[in-house]
Number of protein chains: 2
Amino acid sequence: MNLKSQVEWALHCCAILCALPADKYLSTKALAEFHGVPKEYLSKALQALSQAGLVHTTLGPTGGYRLARKPADITFLEIVEAVEGKERTFICNNIRANNPCRPKDFCDVKPCAVARVMWQADKAWRDTLSAATLADLLDTLQVDVPADQLASTAQWVLKRAG
Amino acid sequence: MNLKSQVEWALHCCAILCALPADKYLSTKALAEFHGVPKEYLSKALQALSQAGLVHTTLGPTGGYRLARKPADITFLEIVEAVEGKERTFICNNIRANNPCRPKDFCDVKPCAVARVMWQADKAWRDTLSAATLADLLDTLQVDVPADQLASTAQWVLKRAG
DNA sequence: GGCCCAGTACTCGGATACATGCTGTCCGAGTGACTCGGG
DNA sequence: CCCGAGTCACTCGGACAGCATGTATCCGAGTACTGGGCC
């Protein structure tokens with residue numbers, strides 16, 4: 001049970017898109033070159049972000065992606081769910097129904113007790129992810145990454161933006 | 001990114017093993033029939049539990065599995081990790097290293113900021129799972145499941161125990 | 001009758017096929033900006 | 001100089017291999033019960 005690598009790519013791409021002027025777009029090609037990942041496959045992740053309404057896209061030359069909202073209004077959870085789907089990680093097949101001691105017509109009022117615990121953990125995971133926004137990530141990067149590297153990266157983005 | 005169905009099976013099997021007298025064992029065959037799952041494949045999950053030291057096993061006609069510890073001393077996390085592995089769900093490939101604006105010999109002191117957030121969520125998930133024990137599950141079942149069904153199930157287990 | 005021993009039936013455990021889904025690639029359709037020729 | 005058709009670059013979406021992992025199955029190794037033979 002691993003998250004797909006597309007999740008990592010999507011998160012990093014969103015971080016880069018934060019450095020983009022409001023009226024500009026950055027293409028899949030630029031994002032793929034920046035991160036050193038296959039362009040065609042990365043586009044799948046970006047399409048998912050687009051369908052989820054997290055990024056805005058335009059066709060043609062100068063086309064590409066930009067964030068649809070402010071970094072403070074986009075959470076990690078939204079990005080992860082856009083790529084991985086919103087389904088819970090634990091799927092309950094209700095195998096308790098196979099219990100031979102159980103009446104055939106027995107009707108459960110509550111979900112399986114095992115599933116409830118697993119879903120509670122799933123919720124804790126999602127709550128943590130929804131508490132972190134892209135703006136928080138940017139703040140962290142301000143501390144972690146040397147200023148000159150941040151500046152040159154921003155310039156690289158600006159140069160490739162259309 | 002879904003948990004394997006073996007996780008569900010392992011959890012339910014542990015719940016059933018709780019109803020077992022301390023000196024008895026329950027075979028894979030019995031557990032498989034009880035839950036309506038393939039015997040051979042279920043044995044894989046039980047092997048994982050055995051290797052993790054959560055259950056004790058014996059060979060021979062009266063052989064099978066039983067819990068290695070008291071239900072209050074076995075957490076959901078231990079069972080889940082026994083089957084799914086202890087690795088984090090988010091694996092960081094450090095794609096920030098591919099940033100063209102980054103000095104080639106740059107050495108990171110901290111893990112990637114994106115990964116840190118993802119790992120924090122992963123920790124929240126695991127913390128929730130490690131807070132729930134099999135004893136808690138039994139308490140929940142006492143409330144959810146009719147007493148007669150619990151009793152007949154316990155009797156079924158006793159009958160199949162060797 | 002009691003004890004020992006070989007056989008048997010049953011169990012776990014590892015090794016082996018099949019299916020599903022992630023990873024990666026390719027190509028065609030559609031769209032917007034740019035270029036260039038004509039008025 | 002202005003306008004319009006054509007060209008180009010880019011996105012989007014689907015279709016297609018390759019591979020890893022989950023799913024399912026089979027067979028061998030080992031152990032406890034069982035029945036018979038022997039003392």
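Proteins get letters first, then strands, A, B, ... in listed order; numbering begins at 1 in each. No experiment lies behind these values; they were computed from the predicted model shown.
- Atom CE of A:Met1 is separated from atom C1' of C:dC22 by 16 Å (rounded to the nearest Å).
- Linking ILVMFWY side-chain heavy atoms closer than 4.5 Å, directly or via other members, places B:Tyr65 and B:Leu59 in two distinct hydrophobic clusters.
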Contact letters for nucleotides 4-21 of chain C, in which S counts primed atoms plus P, OP1 and OP2 and B counts the base, heavy atoms under 4.0 Å: -------BSBBB------
When the side chains of residues 79-94 of chain A are checked against the rest of the protein, which donor-acceptor pairs come out under 3.5 Å, sequence neighbours left out?
| from | atom 1 | to | atom 2 | distance (Å) |
| --- | --- | --- | --- | --- |
| A:Glu81 | OE1 | A:Lys86 | NZ | 3.2 |
| A:Glu81 | OE2 | A:Arg126 | NE | 2.9 |
| A:Glu84 | OE1 | B:Met1 | N | 3.2 |
| A:Glu84 | OE2 | A:Lys4 | N | 2.7 |
| A:Thr89 | OG1 | A:Asp122 | OD2 | 2.9 |
| A:Asn94 | OD1 | A:Arg96 | NE | 2.9 |

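- The distance from the CG atom of B:Asp108 to the CZ atom of B:Phe106 is 5.5 Å, given to the nearest 0.5 Å.
- The side chain to side chain donor-acceptor pair (under 3.5 Å) analysis of residues 28-55 of chain A, with sequence neighbours excluded, yields the pairs A:Glu33-A:Arg160.
- Between B:Asn2 atom CG and C:dC22 atom C1' the separation is 12 Å, expressed in whole Å.
- Remark: B:Thr153 pairs with A:Asn99 by the side-chain hydrogen bond (donor to acceptor under 3.5 Å, both in side chains) rule, at least two apart or across chains.
- Distance check: A:Cys112 SG to A:Ile95 CD1 gives 7.5 Å after rounding to the nearest 0.5 Å.
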Quiz: residues 143-150 of chain A side-chain donor-acceptor pairs under 3.5 angstrom, not counting sequence neighbours:
| from | atom 1 | to | atom 2 | distance (Å) |
| --- | --- | --- | --- | --- |
| A:Asp144 | OD1 | B:Lys110 | NZ | 3.3 |
| A:Asp144 | OD2 | B:Arg116 | NH1 | 3.0 |
| A:Asp144 | OD2 | B:Arg116 | NH2 | 3.1 |

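- Protein atom CG of A:Leu42 is 12 Å distant from nucleotide atom P of C:dT25, rounded to whole Å.
- B:Asp73 is linked by a side-chain hydrogen bond (donor to acceptor under 3.5 Å, both in side chains) to nothing, counting only residues two or more places apart in sequence or in another chain.
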Pairwise N/O distances under 3.5 Å, protein to nucleotides 16-18 of chain D:
none

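- Residue A:Tyr41 places no side-chain N or O under 4.0 Å from the OP1 or OP2 atom of C:dT25.
- Every residue was checked against the side-chain hydrogen bond (donor to acceptor under 3.5 Å, both in side chains) condition with A:Thr128, not counting sequence neighbours, and none meets it.
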Quick one: side chains of residues 11-26 of chain B, donor-acceptor pairs under 3.5 Å with protein atoms, not counting sequence neighbours, listed by atom name and distance.
| from | atom 1 | to | atom 2 | distance (Å) |
| --- | --- | --- | --- | --- |
| B:Tyr25 | OH | B:His56 | ND1 | 2.9 |
| B:Tyr25 | OH | B:Thr58 | OG1 | 3.1 |
| B:Tyr25 | OH | B:Arg66 | NH1 | 3.3 |

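- For the pair A:Arg66 CZ and D:dC10 C1', the computed distance is 16 Å after rounding to whole Å.
- Between B:Thr75 and B:Leu129, the closest heavy-atom pair is CB-O, 4.1 Å.
- Applying a 4.0 Å cut-off to non-hydrogen atoms, the residues of residues 3-21 of chain A that approach DNA chain C are A:Lys4, A:Ser5, A:Trp9, listed by residue number.
- Nearest heavy atoms, B:Ala113 versus A:Leu137: CB-CD1, 3.7 Å.
- Scanning for side chain to side chain contact (heavy atoms under 4.5 Å, CB included) contacts around B:Ala135 gives B:Pro71, B:Ala72, B:Thr133, with sequence neighbours left out.
- If you measure from atom NE2 of A:His56 to atom C1' of C:dT31, you get 14 Å, rounded to the nearest angstrom.
- DNA chain C lies under 4.0 Å from no heavy atom of any residue of residues 74-100 of chain B.
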